[in-house]
There are 2 protein chains.
Amino acid sequence: MSVSASRNVSNRRIVARTTELPEQVDLRRARGRILVAALHLFADQGYGGTSVRDICGRAGVQPTTMYAHFPSKEDVLAELLRIGHEELYRRLRSALLDVEPDPRVRLEALVRAHVHSHCEFPMLAVVANAELHALSEHKSESILAVRQQSESLLVDVLERGVQCGQFKVADMLLTLRAISAIGTRVAFWYGPDCGRTPEQIADTFAAFAASIVGLPPRSG
Amino acid sequence: MSVSASRNVSNRRIVARTTELPEQVDLRRARGRILVAALHLFADQGYGGTSVRDICGRAGVQPTTMYAHFPSKEDVLAELLRIGHEELYRRLRSALLDVEPDPRVRLEALVRAHVHSHCEFPMLAVVANAELHALSEHKSESILAVRQQSESLLVDVLERGVQCGQFKVADMLLTLRAISAIGTRVAFWYGPDCGRTPEQIADTFAAFAASIVGLPPRSG
DNA sequence: GTCTATAGTCTGATAGAC
DNA sequence: GTCTATCAGACTATAGAC
């Protein structure tokens with residue numbers, strides 16, 4: 001597939017249409033339908049651009065039903081952000097448990113898990129990244145803590161690689177920001193029609209991360 | 001400066017407070033004050049989270065005055081998006097004109113210009129990247145065309161580097177997405193207190209881009 | 001160009017029946 | 001848990017004076 005054919009020429013900020021939620025959410029029940037509807041609309045239109053009636057209309061319930069499950073519209077967002085951040089952290093940590101303690105292998109595992117998570121749950125990732133600001137400071141505290149934990153996983157791997165003399169990292173913060181950015185943006189442009197499988201993207205971006213920390217390309 | 005000390009632990013989606021606009025905007029006139037006020041608020045709260053009263057209150061004018069200068073709130077956003085996208089394109093193209101036609105030099109020049117533009121006008125970049133979806137499809141057409149032009153500058157440099165045998169690019173789209181992502185995200189985390197100058201960030205990220213396309217580190 | 005005042009609609013959230 | 005009906009306030013945008 002050519003480059004231009006798969007470039008996003010719409011003004012939508014997310015390409016994918018996948019609305020699935022990672023946790024066991026019963027779509028036959030009102031709570032689950034509300035969460036999925038809100039996820040879709042927040043990803044598409046933003047929190048401020050989505051009304052309670054929009055959410056309830058899409059979920060097929062009345063506003064009263066939403067308020068029976070969530071104290072406010074803001075709490076619906078908070079729940080989505082919690083699910084999104086915790087799912088990513090769970091996957092990143094799990095990826096590290098699955099592999100040997102070699103820094104290169106661990107770096108690649110983190111990047112691959114990041115990519116796979118964002119390809120599988122793009123809307124959740126977009127909302128997590130683009131709508132956190134809509135939450136009050138108090139309600140965002142616990143979510144920010146999870147984000148910090150996820151970031152620390154990458155920092156730890158980078159620092160270990162430097163200690164071993166395996167990585168060349170001149171600036172830890174900038175290296176962290178660059179590698180995170182590559183993975184984060186996947187959620188915004190990935191779609192089933194982009195011509196690449198999540199596996200291919202994960203492979204490629206893991207190699208990019210390795211090259212950023214000064215590793216030579218893998219043979220083969 | 002340590003990594004943790006400069007990591008953003010607030011839920012704000014932009015760290016910087018710089019609201020300057022690149023074009024000659026007269027802040028003594030209502031139109032300019034409205035644009036700057038809207039830029040600040042859209043960056044902070046999003047388009048949907050900002051009311052006309054918010055904008056006018058911050059600009060020190062009445063809503064009627066805003067409607068004398070712009071047909072609607074949406075047109076204020078459209079003007080900011082136009083300014084932001086055109087300024088970035090202007091800088092990217094200008095960066096290419098300033099350097100010799102060597103692919104490595106041109107790739108580094110593009111990344112450096114991207115970084116500098118986002119450090120200088122972070123709010124404009126955040127709004128351009130995060131609020132385009134709030135625009136109607138019709139009004140976003142011309143803006144998307146400018147974005148496509150900017151992207152094409154990078155694609156052309158990458159393709160030239162591959163033709164010369166200087167770059168190793170296995171997947172053009174993924175390389176484009178990765179290098180763009182690194183620069184784009186700068187607008188969200190850069191602040192004067194991050195402990196790095198725009199020059200340092202530009203140097204580092206230009207080197208990352210070079211390593212992504214398979215170039216060896218510059219000597220020295 | 002800027003103001004006061006307001007139209008008409010939509011907003012988040014709630015009362016109370018079942 | 002879900003409904004109908006509705007509150008009080010905020011919303012975008014406009015009318016008309018100066």
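Chain identifiers are assigned alphabetically (A, B, ...) following the order of the sequence lines, protein sequences preceding nucleic acid strands; residue numbering begins at 1 within each chain.
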Legend entry - Sidechain-backbone polar pair: B/Asn11 side chain, A/Glu141 backbone, donor-acceptor under 3.5 Å: no
Legend entry - Polar side-chain atom of A/Arg13 near backbone of A/Ala43 as donor-acceptor pair, under 3.5 Å: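 Yes: the side chain of A/Arg13 pairs with the backbone of A/Ala43.
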Check the distance between [N]'s [atom2] and [X]'s [atom1] and give it to me in whole angstrom.
{"X": "A/Lys73", "N": "D/dA10", "atom1": "NZ", "atom2": "C1'", "result": "13 Å"}
{"X": "A/Arg33", "N": "D/dG1", "atom1": "CZ", "atom2": "P", "result": "12 Å"}
{"X": "A/Ile34", "N": "C/dA13", "atom1": "CD1", "atom2": "P", "result": "13 Å"}
{"X": "B/Asp26", "N": "C/dG1", "atom1": "CG", "atom2": "C1'", "result": "14 Å"}
{"X": "B/Asp54", "N": "D/dA13", "atom1": "CG", "atom2": "C1'", "result": "16 Å"}
{"X": "B/Gln45", "N": "D/dC11", "atom1": "CD", "atom2": "C1'", "result": "15 Å"}
{"X": "A/Gln62", "N": "C/dA15", "atom1": "CD", "atom2": "C1'", "result": "15 Å"}
{"X": "B/Glu74", "N": "D/dC11", "atom1": "CD", "atom2": "P", "result": "18 Å"}

Legend entry - Charged N-O contact under 4.0 Å between A/Lys139 and A/Glu79: no
Inset, instruction - Quick one: pull up CD in B/Glu74 and NE2 in B/His138 and give me the separation to the nearest 0.5 Å. - result: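 Here the rounded value is 10.5 Å.
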Inset, instruction - State whether the distance check finds a donor on one side and an acceptor on the other, under 3.5 Å, for side chain B/Thr64 versus base C/dC3. - result: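 Check passes, donor-acceptor contact within cut-off.
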Inset, instruction - With the side chain counted from C-beta on, respond yes when B/Val52 and B/Tyr67 share a heavy-atom pair under 4.5 Å apart, and no when they do not. - result: yes
The side chain of [X] is closest to which nucleotide in this list: [options]?
{"X": "B/His69", "options": "C/dG1, C/dA13, C/dT4", "result": "C/dG1"}
{"X": "A/Arg29", "options": "D/dG1, C/dG1, D/dC3", "result": "D/dG1"}
{"X": "A/Arg53", "options": "C/dT2, C/dC3, C/dA13", "result": "C/dA13"}

Inset, instruction - Output yes when at least one side-chain N/O atom of B/Tyr67 is less than 4.0 Å from OP1 or OP2 of D/dA13, else no. - result: yes
Inset, instruction - Taking only the side-chain nitrogens and oxygens of B/Ser51, find out if one of them lies under 4.0 Å from OP1 or OP2 of D/dA10. - result: no
Legend entry - Sugar-phosphate only, base, or nothing, as touched by A/Arg31 at under 4.0 Å among non-hydrogen atoms: nothing
